[in-house]
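Notes for the one structure printed next.
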Amino acid sequence: MKYLENASITSVKGFKASGISCGIKANDRKDLALIVSDKTVTAAGVYTRNIVKGHSLQLTMERMKNQEVDAVILNSGCANACVGDKGKESAVNVTKAAAELLGVKEENVIIGSTGVIGYALPEEKMIAGVKNAYDALSEKGGHDAELAVMTTDTVPKEVAVEVEIGGKTVTIAGMAKGSGMIHPNMGTMISIITTDVNISKKHLNKAIKKVTEQTFNRVSVDGDTSVCDMCIILANGNAENELIEHSWEDYRTFVEGLTAVCDGLARMLAKDGEGATKLLEVVVKNAWSQEDAYTIACAVAKSPLCKTAFFGEDANWGRILTAAGYSGAAFDPERVDIFIGDLTVCANGAALPFDEDAALEILKKDEVVVTIDLKDGTYRDRMWTCDFSYDYVKINGSYRT
């Protein structure tokens with residue numbers, strides 16, 4: 001596997017993209033992205049499990065049933081959620097304008113929106129913006145598309161890899177946005193993945209569901225899940241490998257490449273959590289069941305007390321054990337060991353002398369691994385999260401204003 005430099009979704013041949021300002025955001029900041037394939041692609045997606053869903057997302061989910069896409073429109077600055085019939089009407093009209101420009105079927109244009117809930121799409125601005133985005137389409141426009149969907153993100157999130165499948169080079173590239181309101185199933189994140197692999201609809205759908213479960217659904221910033229989340233993968237088949245339909249080896253290789261892309265994006269999402277100063281990886285091992293391992297990792301990752309302790313660089317391991325205890329998982333508290341980095345801070349569920357200075361040096365790093373060894377079984381899981389700083393409250397206390 002080879003990681004590509006200057007990665008963007010247009011690292012995959014056959015895709016063009018653009019990112020422009022259409023006036024949703026102030027100060028001419030980019031807020032509208034258009035992603036287009038040179039031919040109709042096989043597509044698959046996963047979506048938020050929040051029963052409240054934005055109107056743009058509802059339209060996309062409806063159109064994705066045939067798993068065929070020609071173009072994707074994304075906007076930031078407005079979630080187009082919880083605004084009544086106007087929400088769907090606006091989404092339909094914007095996609096119709098794009099379809100007419102591109103000369104494709106309207107039902108093959110999908111749309112994603114992110115931003116403040118309770119505001120409908122500014123339809124006139126969006127339709128004019130789609131025309132400008134169409135004029136700006138470029139094989140080098142992937143990075144601009146990423147910039148256009150960022151909200152409270154502080155850094156762009158893009159990854160691309162190459163893998164060999166059946167003697168052909170297959171490229172997989174992805175972009176994601178998300179910084180807050182992130183938790184499994186899913187969080188405020190939108191991700192678009194492009195690839196030139198030749199794969200059946202069934203296997204593409206299977207792959208994206210499998211991979212997102214172990215990557216994007218292992219990220220928690222604050223325990224909240226949004227109403228607009230989606231991860232869409234677009235496969236144009238330009239690599240001309242033999243159709244992945246029956247070969248387990250080819251499918252496995254593709255999943256490994258897709259996992260590398262989504263894994264990289266997921267870590268970026270956690271590290272760029274709103275107000276975050278460090279990336280935290282919570283590992284639970286030797287659990288009695290897979291569910292227990294996940295449940296404990298999730299509880300620790302979303303615990304405000306744990307997250308604030310890490311911000312304060314305080315090796316307060318008691319908060320970690322406490323979160324595990326109320327998680328609902330089954331384990332013996334008197335067998336648990338806890339490590340911060342490679343430093344043991346709790347053994348057999350009890351305090352022990354440890355070097356506080358050594359712990360502080362570990363906690364000063366911008367990436368910290370916390371390991372919880374239950375010594376109860378053979379299962380393990382992990383979550384990526386971040387610390388809670390003063391800035392998290394500042395950002396979310398005045399998000400609309």
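- Using a 4.5 Å heavy-atom cutoff, the side chains of Asn238 and Lys39 are in contact.
- Note: Thr277 OG1 to Leu363 CG = 10.0 Å, rounded to the nearest 0.5 Å.
- Remark: side-chain polar atoms of Asp387 are paired, donor with acceptor, to backbone N or O of Lys278 under 3.5 angstrom.
- Looking only at atom types and distance, the side chain of Gln67 has no donor-acceptor partner in the side chain of Asn205 under 3.5 Å away.
- More than 12 heavy atoms of other residues, nucleotides or ligands sit less than 6.0 Å from atom CD of Glu256.
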Full working for side-chain contact (heavy atoms from CB on, under 4.5 Å) between Lys302 and Met383
CA-CA 10 Å; Lys302 71 177 183 180; Met383 289 284 295; over 6 Å; no
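- One finds no salt bridge joining Glu249 and Arg252 here, because no Lys/Arg side-chain nitrogen approaches an Asp/Glu carboxylate oxygen to under 4.0 Å.
- Atom NZ of Lys88 has 12 or fewer heavy atoms from other residues, nucleotides or ligands within 6.0 Å.
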Determine whether Thr212 and Asn217 satisfy the following criterion, side chain to side chain donor-acceptor pair (under 3.5 Å), listing intermediate values before the conclusion.
CA-CA 6 Å; Thr212 53; Asn217 278 342; 5.0 Å; no
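- Checked by atom type, the side-chain pair Glu123/Asn93 shows a donor-acceptor distance below 3.5 Å.
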Applying side chain to side chain donor-acceptor pair (under 3.5 Å) to Asp196 and Asn236, what does each step give before you reach the verdict?
CA-CA 5 Å; Asp196 53 10; Asn236 64 17; over 6 Å; no
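- Under a cut-off of 6.0 angstrom, the local environment of NZ in Lys53 is crowded, with over 12 non-hydrogen atoms contributed by other residues, nucleotides or ligands.
- What you find for Arg380 and Gln290 is that their closest heavy atoms are O-NE2, 2.8 Å.
- With contacts defined as side-chain heavy-atom distances shorter than 4.5 Å, the pair Lys307/Cys386 qualifies.
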Worked check of side-chain contact (heavy atoms from CB on, under 4.5 Å) between Asn241 and Val197
CA-CA 7 Å; Asn241 58 287; Val197 73; 3.9 Å; yes
Starting from the C-alpha separation in whole Å, work towards a yes-or-no answer on side-chain contact (heavy atoms from CB on, under 4.5 Å) for Glu106 and Val92.
CA-CA 9 Å; Glu106 185 180 335; Val92 168; 3.4 Å; yes
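- At a cut-off of 3.5 Å, with distance as the only test, a side-chain donor of Lys177 or Thr151 sits close to an acceptor on the other residue.
- Lys157 and Asp272 get closest at one heavy-atom pair: NZ-OD2, 2.7 Å.
- Using a cut-off of 4.0 Å between Lys/Arg side-chain N and Asp/Glu carboxylate O, Lys13 and Asp38 are scored as not salt-bridged.
- Of the N and O atoms on the side chains of Thr169 and Glu162, not one donor lies less than 3.5 Å from an acceptor on the other residue.
- Here Tyr294 and Tyr379 keep their ring centres 6.0 angstrom or further from each other.
- The backbone N or O of Ala324 sits less than 3.5 Å from a side-chain atom of Ser327, completing a donor-acceptor pair.
- With a 4.5 Å cut-off on side-chain heavy atoms, Tyr47 and Met64 count as touching.
- More than 12 heavy atoms of other residues, nucleotides or ligands sit less than 6.0 Å from atom OH of Tyr326.
- Atom CD1 of residue Ile232 and atom OG of residue Ser191 lie 9.5 Å apart, to the nearest 0.5 angstrom.
- Residue Asn75 holds its CG atom at 4.0 Å from CE of Met126, rounded to the nearest 0.5 Å.
- Rounded to the nearest 0.5 Å, atoms NZ (Lys210) and OG1 (Thr215) are 11.0 Å apart.
- Nearest approach of Thr95 to Arg63, heavy atoms of both residues: OG1-NH1, 3.0 Å.
- Nearest heavy atoms, Leu269 versus Ala176: CD2-CB, 4.3 Å.
- Other residues, nucleotides and ligands contribute more than 12 heavy atoms inside 6.0 Å of the CZ atom of Phe311.
- Judged by distance alone, the side chain of Asp31 and the main-chain N or O of Ile24 form a donor-acceptor pair under 3.5 Å.
- For the residue pair Asp373 / Asn286, a side-chain donor-acceptor distance below 3.5 Å is found, with atom types taken as modelled.
- Note that CD of Glu146 is 8.5 Å distant from CD1 of Ile9, once rounded to the nearest 0.5 Å.
- Tested against Leu234 for a side chain to side chain contact (heavy atoms under 4.5 Å, CB included), the candidates Ile193, Thr195, Val72 yield a single pass: Val72.
- Ser21 places no side-chain N or O within donor-acceptor distance of the main-chain N or O of Lys30, the cut-off being under 3.5 Å.
- For the 3.5 Å distance criterion, the side chains of Asp250 and Thr253 fail to qualify, holding no donor opposite an acceptor.
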Please report the C-alpha distance between Val345 and Asp337 in whole Å, then the side-chain angles of each, then the deciding distance to 0.1 Å, and finally whether the side-chain contact (heavy atoms from CB on, under 4.5 Å) criterion is met.
CA-CA 8 Å; Val345 293; Asp337 293 346; over 6 Å; no
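- When atom types are taken as modelled, the side chain of Arg335 and the backbone of Lys375 share a donor-acceptor pair closer than 3.5 angstrom.
- Looking only at side-chain heavy atoms (C-beta outward), His55 and Lys86 stay at 4.5 Å or farther from each other.
- In this structure, Glu89 places its CD atom where more than 12 heavy-atom neighbours from other residues, nucleotides or ligands lie under 6.0 Å away.
- When atom types are taken as modelled, the side chain of Asp381 and the backbone of Ala293 share no donor-acceptor pair closer than 3.5 angstrom.
- Within the cation-pi definition used here (under 6.0 Å to the ring centroid, within 45° of the axis), Arg382 qualifies as a partner of Trp384.
- For the residue pair His203 and Glu245, no side-chain donor N or O sits within less than 3.5 Å of a side-chain acceptor on the partner.
- Proximity of Val283 to Val369: side-chain heavy atoms (C-beta onward) are separated by under 4.5 Å at one or more points.
- Heavy-atom minimum distance, Asp135 versus Lys131: OD2-NZ, 2.8 Å.
- With a 6.0 Å cutoff to the six-membered ring centre and a 45° limit on the axis angle, Lys206 counts as a cation-pi contact of Tyr251.
- Contact check for Asn66 versus Asn108: side-chain heavy atoms found under the 4.5 Å cut-off.
- In summary, of the residues considered (Val370, Thr371, Ile372), a side chain to side chain contact (heavy atoms under 4.5 Å, CB included) with Phe339 occurs for Thr371 alone.
- Classification of Lys168 and Glu242 as a salt-bridged pair fails, no side-chain N sitting under 4.0 Å from a carboxylate O.
- The line from CG of Asp355 to CG of Leu343 is 7.0 Å long, rounded to the nearest 0.5 Å.
- Considering only heavy atoms from C-beta on, Thr171 stays 4.5 Å or farther from Val161 through its side chain.
- The backbone N or O of Ala173 sits nowhere less than 3.5 Å from a side-chain atom of Ser11 that would complete a donor-acceptor pair.
- Evaluated for a side chain to side chain contact (heavy atoms under 4.5 Å, CB included) with Leu34, the options Leu101, Leu137, Asp144 yield exactly one hit, Leu137.
- When side chains are defined from C-beta on, Phe254 counts as touching Ile244, because their heavy atoms get closer than 4.5 Å.
- A salt bridge links Glu367 to Lys271: one of the charged nitrogens lies within less than 4.0 Å of a carboxylate oxygen.
- Taking all atoms of both residues into account, the shortest heavy-atom contact from Ala239 to Val170 is CB-CG2, 3.8 Å.
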